[in-house]
S.K.: 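Got a structure for you, written out below as structure tokens; questions coming shortly.
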Amino acid sequence: MSDMSAKKSKGRQKVEMVKMPNESNLQVTFSKRRTGLFKKASELCTLCGADIAIIVFSPGKKVFSFGHPCVETIVDRYLTRNPPQISGTMQLIEAHRNASVRELNMQLTQVLNQLEIEKKRGEELNQMRKASQAQCWWEAPIEELNLPQLEQLKMSLEELKKNVGKQAEKMLIQSSNPPQFFAGSSSNAGGMNLPFDPNNNAAVFNPNNMMPHPGYNPGFGHGFY
């Protein structure tokens, strides 16, 4: 049932050769087809050494032209029906110009091919980005998330806020109460008798120092209060 209800792609459809009613589609199609036409004309000039002139008026009444060696020369030759009479010097100039134009046409063809490659690469990267967003849905824009995803994201952010608050409070307490260290003295603890010798690292026990001071009542027979 799910296979039958799934949307099937119609594939690439053949464009009907009639004027497009949509103005936006018309402009886009004109731009693409004009670029393709000029590209094919450039390839024809480069491969065959042909002289070509193309003049195109857009739907917006803008003029575009392509010519080899130039549009004016080709149009004059077409109107007069006679080849141009040029001297030896002009022939050299024309040959140099043609060589430069052919080189530029070759460069243009390479740039256009590279552009097509980069476009395909961009499409592949876009598909990879969409696949990554499908797996890591929280990286997608907020507007593209559904209600369950938004609720889960909200809970995660609240939990993160709590953890950050606890860590900040812990660091604040540690910074306000630094640890205190008590330095020892080399003297005999202000005259007090200790059961060991503080100057001796071995800390030898001395039982004589455990005797109470005179007047000291340990409180035998008396309760402690």
Side-chain angles (χ1 to χ4, degrees), residues 6-137 139-146:
K7 183 178 180 181
K8 296 182 179 180
S9 176
K10 295 182 179 180
R12 187 173 181 179
Q13 300 295 312
K14 185 177 180 180
V15 179
E16 187 179 2
M17 289 294 110
V18 294
K19 185 177 180 180
M20 295 181 174
N22 190 302
E23 186 69 20
S24 177
N25 294 343
L26 189 146
Q27 293 291 343
V28 173
T29 302
F30 171 80
S31 179
K32 290 182 177 180
R33 295 298 179 95
R34 174 180 56 82
T35 302
L37 178 63
F38 287 178
K39 179 182 177 181
K40 292 298 182 181
S42 174
E43 293 174 354
L44 186 60
C45 295
T46 302
L47 296 175
C48 305
D51 296 339
I52 299 177
I54 301 176
I55 301 175
V56 181
F57 287 89
S58 70
K61 308 304 179 182
K62 293 183 180 180
V63 61
F64 300 89
S65 63
F66 173 86
H68 175 73
C70 64
V71 176
E72 292 80 4
T73 302
I74 303 301
V75 172
D76 291 341
R77 286 176 58 183
Y78 177 77
L79 295 177
T80 59
R81 303 289 181 176
N82 294 320
Q85 301 295 327
I86 54 178
S87 61
T89 303
M90 292 300 297
Q91 289 180 353
L92 293 177
I93 295 174
E94 187 68 19
H96 178 71
R97 180 187 299 172
N98 292 339
S100 300
V101 170
R102 282 194 296 269
E103 183 178 358
L104 292 175
N105 286 334
M106 292 178 62
Q107 293 178 3
L108 176 61
T109 302
Q110 294 177 357
V111 170
L112 292 175
N113 292 335
Q114 187 66 27
L115 179 61
E116 291 296 328
I117 294 175
E118 293 299 329
K119 285 183 178 179
K120 293 181 180 179
R121 182 182 178 187
E123 293 176 356
E124 293 176 356
L125 291 176
N126 191 24
Q127 293 178 357
M128 294 175 60
R129 181 182 62 84
K130 291 181 178 180
S132 177
Q133 285 184 353
Q135 296 179 355
C136 305
W137 55 266
E139 296 182 358
I142 297 295
E143 296 79 6
E144 298 180 5
L145 301 181
N146 54 33

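Position 1 is the first residue of the sequence; numbering continues from there.
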S.K.: Using 0.5 Å steps for rounding, measure from the CG atom of Leu26 to the CZ atom of Phe30.
M.R.: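 Going from the CG atom of Leu26 to the CZ atom of Phe30 covers 9.0 Å.
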S.K.: Could you pull out every donor-acceptor pair under 3.5 Å between side chains of residues 32-43 and any protein atom, sequence neighbours left out?
M.R.:
| unit_1 | atom_1 | unit_2 | atom_2 | d |
| --- | --- | --- | --- | --- |
| Thr35 | OG1 | Ser31 | O | 2.9 |
| Lys39 | NZ | Asn113 | OD1 | 3.3 |
| Ser42 | OG | Asn105 | OD1 | 3.3 |

S.K.: List in chain and number order the residues that pass side chain to side chain contact (heavy atoms under 4.5 Å, CB included) with Gln107, two or more places apart in sequence or in another chain; answer none if no residue qualifies.
M.R.: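 Partners of Gln107 by the side chain to side chain contact (heavy atoms under 4.5 Å, CB included) criterion, ordered by chain and then number, come out as Glu103, Leu104.
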S.K.: Pairs in or reaching into residues 45-54: which pass salt bridge (charged side-chain N to carboxylate O under 4.0 Å, His left out), with residues at least two apart or in two chains?
M.R.: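 Pairs touching residues 45-54 that pass the test: Asp51-Arg77.
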S.K.: Under the rule for side chain to side chain contact (heavy atoms under 4.5 Å, CB included), what residues qualify as partners of Val18, not counting sequence neighbours?
M.R.: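 If we apply the side chain to side chain contact (heavy atoms under 4.5 Å, CB included) test to Val18, skipping adjacent residues, the hits are Glu16.
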S.K.: Can you list every pair that meets salt bridge (charged side-chain N to carboxylate O under 4.0 Å, His left out) and has a residue in residues 54-74, with sequence neighbours left out?
M.R.: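 Matches after skipping sequence neighbours: none remain.
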S.K.: If the condition is side chain to side chain contact (heavy atoms under 4.5 Å, CB included), which residues does Ala99 pass it with, not counting sequence neighbours?
M.R.: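 If we apply the side chain to side chain contact (heavy atoms under 4.5 Å, CB included) test to Ala99, skipping adjacent residues, the hits are Arg102.
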S.K.: Yes or no on side chain to side chain contact (heavy atoms under 4.5 Å, CB included) for Val63 and Ile55, after CA distance, side-chain angles and deciding distance?
M.R.: CA-CA 7 Å; Val63 61; Ile55 301 175; 3.9 Å; yes
S.K.: Taking side chain to side chain donor-acceptor pair (under 3.5 Å) as the definition, give me every residue that meets it alongside Asn126, ordered by chain and number, with sequence neighbours left out.
M.R.: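 Testing Asn126 for side chain to side chain donor-acceptor pair (under 3.5 Å), a comparison that skips the adjacent residues, returns Arg129.
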S.K.: Might you point out which heavy atoms bring Ala50 and Cys45 nearest each other, and give the distance in Å?
M.R.: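 Shortest heavy-atom contact: O-SG, 3.4 Å.
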S.K.: Looking at NE2 of His68 and OG1 of Thr46, how far apart are the two atoms once the value is rounded to the nearest 0.5 Å?
M.R.: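 Reported value, rounded in 0.5 Å steps: 7.5 Å.
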S.K.: Can you list every side-chain hydrogen bond (donor to acceptor under 3.5 Å, both in side chains) pair that touches residues 115-125, not counting sequence neighbours?
M.R.: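 As it turns out, the side-chain hydrogen bond (donor to acceptor under 3.5 Å, both in side chains) pairs with a partner in residues 115-125, which skip direct neighbours, are Gln114-Glu118.
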S.K.: Which pair of non-hydrogen atoms, one from Asp76 and one from Thr80, has the smallest distance, and what is that distance?
M.R.: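 Residues Asp76 and Thr80, closest heavy atoms: O-OG1, 2.7 Å.
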